[in-house]
Amino acid sequence: MIEIQLPPGKKIYFASDFHLGVPDQATTIAREKLLVKWLEMARQDAHSIYLVGDMFDFWFEYKHTIPKGFTRFLGKLAELRDAGLPIYFFTGNHDLWMFDYFRNELDIQIYREPQVLKVGEHKILIGHGDGLGPGDRWYKILKGGLFDNRFFQWMFQWLHPNLGMSIAHMWSKSSRISNMEKEKFQSDENEYLFKYCEETEKKEHHDFYIFGHRHLPLDLKVSENSRYINLGEWVNFSPYAVYDGKTIALKSFMVS
């Protein structure tokens, strides 16, 4: 559990699914510049920032090598951390092979499982969302047996980065986000992350559930005093959520 006291006038910011690297370099750089502007806006009154997975369309850390690019984004994160702004990173299904680079170089805490953020009397459950809820059985098998397997990770690191990254990008091209497909809302009962929130709420109350992965900006009522917020994605949208100590608002970042 992450437990904090939010000072008056301060806010907590959340965003996910930047998918930097999709669909090409020029588009990624344009998205990076927008993200830098969002981070600069947030720093004005941010107590902390939570990046909730799939920041990159693919990320793998070799012992002495990290993926090429993303200079503006990484530089802004370093600047904010050097200024003392807390930043928390949750791995998603596209960047789950993140190990210690962010922690060692940027002093950013990495989380691989959902975490509870307690702010005053409010409890907020935060996670990327992959592998949660009913369905998606094939991915759950792959994640547990392959992607999270230390031996497979060790084997992959022995591939030359040019080959390893090429294989990864070929795999990534099959994803919906890489093909610029927009997700569609399926109804409350067919939204698997919403169902996960409902089942979790029956066991333990949380005031807010914040996830990414679904690629749709959503604000749904889980119970009389609980809400599910999905942060959407930044390839087709520019959504984020902000908590002010009382409630969470889902917003869209617009540059005037």
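All values below were derived from every heavy atom in this structure, side-chain atoms included, with hydrogens, water molecules and symmetry-related copies excluded. In this text the structure is predicted, and so the values were computed from the model without any measurement.
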> Looking at E32 and K76, does any basic side-chain N land under 4.0 Å from a carboxylate oxygen?
Replying inline: no
> For the residue pair L132 and P114, what are the closest heavy atoms and their distance?
Replying inline: CD1-CG, 4.1 Å
>> Run the side-chain contact (heavy atoms from CB on, under 4.5 Å) test on E204 and K123 for me, step by step, so that the C-alpha distance in whole Å, both residues' side-chain angles and the decisive distance to 0.1 Å come before the verdict.
In response: CA-CA 10 Å; E204 182 181 359; K123 289 172 63 178; 2.6 Å; yes
> Do you know the tightest heavy-atom contact between Y243 and V119?
Replying inline: CE2-CG1, 3.7 Å
> Is the side chain of R72 donor-acceptor paired with the backbone N or O of K33 at a distance under 3.5 Å, no angle test?
Replying inline: no
> Side chains of T247 and R227: is there a donor and an acceptor less than 3.5 Å apart?
Replying inline: yes
> Which word best sums up how the rings of F56 and F89 line up, parallel for under 30°, tilted for 30 to 60°, or perpendicular for over 60°?
Replying inline: parallel
>> Quick check: is Y88 connected to L80 through a chain of hydrophobic side chains (ILVMFWY, heavy atoms under 4.5 Å apart)?
In response: no
> Once you round to the nearest 0.5 Å, how far does CD1 of I210 lie from SG of C197?
Replying inline: 10.5 Å
>> Rounded to the nearest 0.5 Å, what separates atom CG in L6 from atom OG in S48?
In response: 7.5 Å
> Can you name the closest pair of heavy atoms from T200 and L125 and give their distance?
Replying inline: CG2-CD2, 4.3 Å
>> Within this structure, what is the NZ-CD1 distance for the pair K118 and I4, rounded to the nearest 0.5 Å?
In response: 11.0 Å
>> So which atom in Y240 and which in S252 form the shortest heavy-atom distance, rounded to 0.1 Å?
In response: CE2-C, 3.9 Å
> Y192 vs H213 aromatic rings, parallel, tilted or perpendicular, using cut-offs 30° and 60°?
Replying inline: perpendicular
> Hey, does the side chain of D95 reach the backbone of W59 with a donor-acceptor pair shorter than 3.5 angstrom?
Replying inline: no
> Just checking, any donor-acceptor pair under 3.5 angstrom between side chains of Y228 and E191?
Replying inline: no
> Is there side-chain contact between K251 and V242, with at least one heavy-atom pair below 4.5 Å?
Replying inline: yes
>> If you count every heavy atom of other residues, nucleotides or ligands that lies below 6.0 Å from Q5 atom CD, does the total exceed 12?
In response: no
> T27 side chain to P23 main-chain N or O, any donor-acceptor pair under 3.5 Å?
Replying inline: no
> What's the verdict on side-chain contact (heavy atoms from CB on, under 4.5 Å) for I229 and F211, showing C-alpha distance, side-chain angles and the deciding distance?
Replying inline: CA-CA 6 Å; I229 308 291; F211 292 105; over 6 Å; no
>> Any carboxylate oxygen within less than 4.0 angstrom of a Lys/Arg side-chain nitrogen, looking at D244 and K11?
In response: no
> Taking all atoms of both residues into account, what is the closest heavy-atom pair of S16 and V52, and its distance?
Replying inline: CB-O, 3.4 Å
> Is there a side-chain contact between I126 and F14, using heavy atoms and a 4.5 Å cut-off?
Replying inline: yes
> What are the two closest non-hydrogen atoms of F99 and R112, and how far apart are they?
Replying inline: CA-NH2, 3.6 Å
>> I want to check something: taking the side chain as every heavy atom from C-beta on, are Y50 and I12 in contact at a cut-off of under 4.5 Å?
In response: yes
> Salt bridge check: are E233 and R214 linked by an N-O gap of less than 4.0 Å?
Replying inline: no
> What's the verdict on side-chain contact (heavy atoms from CB on, under 4.5 Å) for F102 and L77, showing C-alpha distance, side-chain angles and the deciding distance?
Replying inline: CA-CA 10 Å; F102 267 49; L77 294 181; 4.0 Å; yes
> Between E3 and L117, is there a donor-acceptor pair closer than 3.5 Å when you use the side chain of the first and the backbone of the second?
Replying inline: no
>> With rounding to the nearest 0.5 angstrom, report the CG to CG distance, L216 to L231.
In response: 12.0 Å
> Any side-chain donor paired with an acceptor under 3.5 Å for D57 and H19?
Replying inline: yes
> In Å, rounded to the nearest 0.5 Å, how long is the span from CD of E61 to CG of D100?
Replying inline: 6.0 Å
>> Looking at E40 and K37, is there a salt bridge between them, counting it only when a charged N and a carboxylate O are closer than 4.0 Å?
In response: no
> Would you say the ring centroid of F73 lies under 6.0 angstrom from that of W38?
Replying inline: no
> If you measure from OG on S226 to NE2 on H206, what distance do you get to the nearest 0.5 Å?
Replying inline: 8.5 Å
> Does the side chain of H215 come under 3.5 Å of the side chain of D17 through a donor N or O and an acceptor N or O?
Replying inline: yes
> Any side-chain heavy atom of Y209 sitting closer than 4.5 Å to one from E201?
Replying inline: yes
> Going through the distances and angles, do W234 and L35 end up as a side-chain contact (heavy atoms from CB on, under 4.5 Å)?
Replying inline: CA-CA 9 Å; W234 281 63; L35 287 168; 3.5 Å; yes
